[in-house]
Amino acid sequence: MTTKLKFPQGFFWGTATSSYQIEGAWNEDGKGESIWDRFSHTPGHIERGEMGNVACDHYHRWQEDIAIHKELGVNGYRFSISWPRILPQGRGAVNPKGLDFYSRLVDGLLEAGIQPFVTLYHWDLPQALQDEGGWPARATAEAFVEYADVVSRRLGDRVKHWMTLNEPWCSSLLGYQIGEHAPGHHDWKSALAAAHHLLLGHGLALPAIRRNSPQSEVGIVLNLIPTEPASPSPEDYDAFRYFDGFFNRWFLDPVFGRGYPADKVLEYAAQGFLPPTIPLTDGDWGFVKSGDLQAIAQPIDFLGVNYYSRSVQRSPVIPEHQNQPRTVHVAPESEWTEMRWEVFPEGLYRLLNRVNYEYQPRKIYITENGASYSDGPDAAGQIHDERRIAYLRSHLEAAHRAIQNGVPLAGYFTWSIMDNFEWAHGFAQRFGLYWVDFATQKRLPKDSALWYRQVIAGNGLTI
Ligand code: IFM
């Protein structure tokens with residue numbers, strides 16, 4: 001017997017991308033340098049020395065890319081705007097060709113019956129702003145407001161769905177503490193200040209976007225990782241609490257008006273989160289000015305949730321883990337994607353319920369979900385990416401269950417329409433529904449694209 005899992009009427013089915021990962025044209029038509037240009041041009045940062053100078057050449061092939069979206073039948077497409085394409089120096093002089101590019105893209109999407117879901121910041125900060133201190137500097141939050149104002153003034157009559165930031169955890173922690181992302185720094189205090197200024201930029205930009213685009217909805221996109229303790233021991237519970245605090249609640253709590261998490265997380269922050277420990281004295285929290293938390297907590301119309309996997313946490317006080325970071329990811333016996341991320345659809349169900357129950361967002365979109373598998377064309381040019389289909393199917397089934405449970409889920413955007421530049425991993429990690437031959441820029445539908453088309457056409461799944 002087969003069961004049909006129908007999604008609500010008007011549900012958004014889409015795909016997602018970001019500017020640096022697909023556009024290329026890194027120095028064309030007046031675009032300024034971004035921190036990802038600088039980072040990837042510096043040897044040692046990206047696997048095999050790859051870089052996004054050309055990527056999927058979407059800047060020149062955007063019409064073809066709209067056409068493949070039309071073929072899929074999506075009614076939404078989430079993409080990001082390159083800040084240095086609009087404001088090459090981060091603030092001040094506007095580059096009209098940059099604005100024109102996105103204006104044409106928006107018009108093309110609307111003509112194809114596809115709603116643009118626009119992310120303002122998906123990590124490509126203008127290098128000029130990084131040279132003045134980057135996100136650890138408060139002035140960057142102010143520049144972000146100027147940028148959001150310029151873009152929403154131009155596109156606000158047509159764009160009805162805005163996202164301020166994508167995954168501020170990555171822009172702050174991965175960029176300024178762990179150093180795996182641009183600008184590649186290793187400084188815990190800067191990372192904390194960066195996280196705060198990203199959130200502040202989000203909060204301060206909301207009124208400008210609402211003013212310029214009054215008929216639209218505005219939200220933020222967080223990458224959230226449901227987490228659990230590896231054992232019932234108090235130590236592992238502590239590790240789990242801490243990880244949840246520093247990864248999920250650090251962003252959810254202030255956005256939903258609760259300030260920064262006051263439990264273990266602040267306590268540990270005061271001792272230094274990760275080795276080498278850098279104690280934070282009281283004075284170090286000085287970057288949180290009075291009124292900031294209110295600004296960050298401006299009401300949003302939706303929360304964008306990016307979900308890929310879960311994390312099981314073990315405490316390093318267990319002898320074999322001593323001298324390791326405060327929490328240790330444990331790899332359960334399971335199935336993994338090529339990113340070494342566990343396939344765990346139940347995590348999406350739990351996460352959506354938890355966010356709904358604890359924070360009560362007005363609406364939720366799954367703004368990213370997908371899997372990296374490198375299955376390529378066979379002799380007949382077909383791509384049988386069965387594992388991706390299984391991944392997407394199981395996650396959609398979990399999303400459907402969450403809706404049945406009362407979660408106000410209004411759309412699903414798979415990452416990604418096509419293989420693209422996967423940051424520090426370069427081009428080897430392929431998340432696309434379309435295979436991209438980076439030598440010829442040919443896009444080839446994988447079996448998952450054909451499968452997704454059917455799901456969209458039927459507004460649901462048959463299981
Ligand atoms: O490619 C990224 C994207 O830029 C942000 N979210 C996770 C994706 C897969 O790693």
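Keep in mind that this is a model prediction, so the values were computed, not measured. As the structure lists them, so they are numbered: ligands from 1, and atoms in each ligand from 1.
Checked options Phe117, Trp13, Phe11; the residue passing with Tyr365 is Phe117 (criterion: ring pair (Phe, Tyr, Trp, His ring centres under 6.0 Å)).
Under the rule for a side-chain hydrogen bond (donor to acceptor under 3.5 Å, both in side chains), the partners of Tyr59 that lie at least two apart in sequence or sit in another chain are Asp29.
His41 has its ring centre no less than 6.0 Å from the ring centre of Trp36.
For the pair Thr164 (side chain) and Ile220 (backbone), a donor-acceptor distance under 3.5 Å is absent. Not a single donor-acceptor pair under 3.5 Å links the side chain of Asn95 to the backbone N or O of Ile86. In this structure a side-chain-to-backbone donor-acceptor pair under 3.5 Å is present from Ser416 to Ala16.
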Table of N or O contacts for ligand 1, cutoff 3.5 Å:
residue, atom, partner, partner atom, Å
ligand 1, 1 (O), Gln21, NE2, 2.9
ligand 1, 1 (O), Trp415, NE1, 3.3
ligand 1, 1 (O), Glu422, OE1, 2.6
ligand 1, 4 (O), Gln21, OE1, 2.7
ligand 1, 4 (O), His122, NE2, 2.8
ligand 1, 4 (O), Trp423, NE1, 2.8
ligand 1, 6 (N), Glu167, OE1, 3.3
ligand 1, 6 (N), Glu167, OE2, 2.8
ligand 1, 6 (N), Glu368, OE1, 2.5
ligand 1, 10 (O), Glu422, OE2, 2.6

